[in-house]
Amino acid sequence: MKRAVYSLLGTALLFVAAPAAATSASKKTAMVCRPGIGRVVAADRQAQIYVAHEVSPGRPPAEFTSDRGCIFGRRGSYYIAAGGPPEEPTSTGYDATRHVTLAGEMVAWEELSTIYSRGVPGAGSSRDVVWVQDLRTGKDLHRAPTGTPLTPTPNEIGIGSATSLVLKSDGSVAWITQASPDEGSYQVHTVDKT
């Protein structure tokens, strides 16, 4: 009799533990960086940047997309920036991520954002910045304005959008920015360990 009870208990535990183990295994598998997680923005032989659908912890929770980066075969990913294509301007402003570039385990991108003051285009602030991040640690290595204005303007960082951006595997980055006619035609910038 005892043997039958132990056998039944063992079978019941097996049925309870099997789905829990399968769920746990699927969560771990989903966390490993592999090709094809979400829509791929950029990829090389070592890493990828992809669009992830996320939910903010606020009340009520809000859904949004973000660009995330990960190294193939490693667990975890890092937030890069607001995801997807440049947004259409709204009454409050817009955000855009452009020129996402990978070099081994490093990623660089340009982030453009404008916030309108009281919903009025031309009033408020703007930020045009180049970022470099190490995908091994998630650490930001560089953050620099896209250009240097001849005459500084309050509430503006950078001078406009980059026309091209290149990155080396040590995190060094260079870009060309098309400036306004008042600033000259173009500016070339580099950032490295020095």
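If you're wondering where the values come from, they're calculated on a predicted model, not measured in any experiment. Residue indices begin at 1 and follow the sequence shown.
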Visitor: Any side-chain to backbone donor/acceptor pair from R68 onto S77? Under 3.5 Å, distance only.
Guide: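 Yes: the side chain of R68 pairs with the backbone of S77.
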Visitor: Please determine whether residues V191 and L167 belong to a single hydrophobic cluster, defined as Ile, Leu, Val, Met, Phe, Trp and Tyr linked transitively by side-chain heavy-atom distances below 4.5 Å.
Guide: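 V191 clusters together with L167.
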Visitor: Can you tell me how far the CZ atom of F72 sits from the CD atom of E105, to the nearest 0.5 Å?
Guide: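 Interatomic distance, F72 CZ to E105 CD, rounded to 0.5 Å: 11.5 Å.
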Visitor: Is any side-chain heavy atom of E156 closer than 4.5 Å to one of P149?
Guide: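 SC-SC contact between P149 and E156 ruled out.
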Visitor: Can you measure from CZ (R127) to CZ (R143) and round to the nearest 0.5 angstrom?
Guide: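 It comes to 5.5 Å.
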Visitor: When you measure from the side chain of Q48 to the backbone of R34, do you find a donor-acceptor pair of N or O atoms at a distance under 3.5 Å?
Guide: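 Yes, the answer is positive, given that a donor and an acceptor are paired below the 3.5 Å cut-off.
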Visitor: Do the non-hydrogen side-chain atoms of T101 and V166 ever get within less than 4.5 Å of each other?
Guide: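 T101 does not reach V166 side chain to side chain.
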Visitor: Do V51 and V100 sit in one hydrophobic cluster, given that two such residues count as connected whenever their side-chain heavy atoms are within less than 4.5 Å of each other, even indirectly?
Guide: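 Yes, because V51 and V100 connect within a single hydrophobic cluster, where side-chain heavy atoms sit under 4.5 Å apart.
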Visitor: If you look at every heavy atom in A47 and D44, which pair is closest and at what distance?
Guide: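 Closest heavy-atom pair between A47 and D44: N-OD1, 2.9 Å.
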Visitor: To the closest 0.5 Å, what do you measure between CE (M106) and CG (D134)?
Guide: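 The CG atom of D134 is 3.5 Å from CE of M106, to the nearest 0.5 Å.
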Visitor: Show, in sequence, the C-alpha distance, side-chain angles and deciding distance for L135 and I49, and conclude whether the side-chain contact (heavy atoms from CB on, under 4.5 Å) test is met.
Guide: CA-CA 10 Å; L135 289 175; I49 309 300; 4.2 Å; yes
Visitor: Mind listing the closest non-hydrogen atom pair of I80 and W109 along with its distance?
Guide: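 Heavy-atom minimum between the residues: O-CZ2, 3.2 Å.
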Visitor: Say whether, by atom type as modelled, one donor and one acceptor occur between the side chain of H142 and the main chain of V173 under 3.5 angstrom.
Guide: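 It does not hold such a pair.
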Visitor: Between OG of S161 and CD of Q178, what distance do you get to the nearest 0.5 Å?
Guide: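 CD of Q178 is found 8.5 Å from OG of S161.
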Visitor: Looking at every non-hydrogen atom in both residues, tell me the closest pair between A162 and W175 and how far apart they are.
Guide: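 In this case the closest contact between A162 and W175 is CB-CD1, 4.2 Å.
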Visitor: Can you name the nearest heavy-atom pair linking Y186 to I176, along with the distance?
Guide: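 Heavy atoms only, the tightest pair is CD2-CG2, 3.8 Å.
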Visitor: Would you indicate whether the side-chain heavy atoms of C33 and I71 approach each other to under 4.5 Å?
Guide: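 Not in contact.
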Visitor: What is the minimum heavy-atom distance between Y78 and Q133, and which atoms define it?
Guide: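 Smallest heavy-atom distance, with atoms named: CB-OE1, 4.0 Å.
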Visitor: Evaluate the side-chain proximity of H99 to V130: yes if any heavy-atom separation is below 4.5 Å, no if none is.
Guide: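 Heavy-atom side-chain distance check fails, nothing below 4.5 Å.
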Visitor: Any donor and acceptor pair, going by atom type alone, linking the side chain of E110 with main-chain N or O of T146 inside 3.5 Å?
Guide: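 No, the answer is negative, given that no donor and acceptor are paired below the 3.5 Å cut-off.
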Visitor: Please report the closest heavy-atom contact between I159 and D128, naming both atoms and the distance.
Guide: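 Heavy atoms only, the tightest pair is C-OD2, 4.1 Å.
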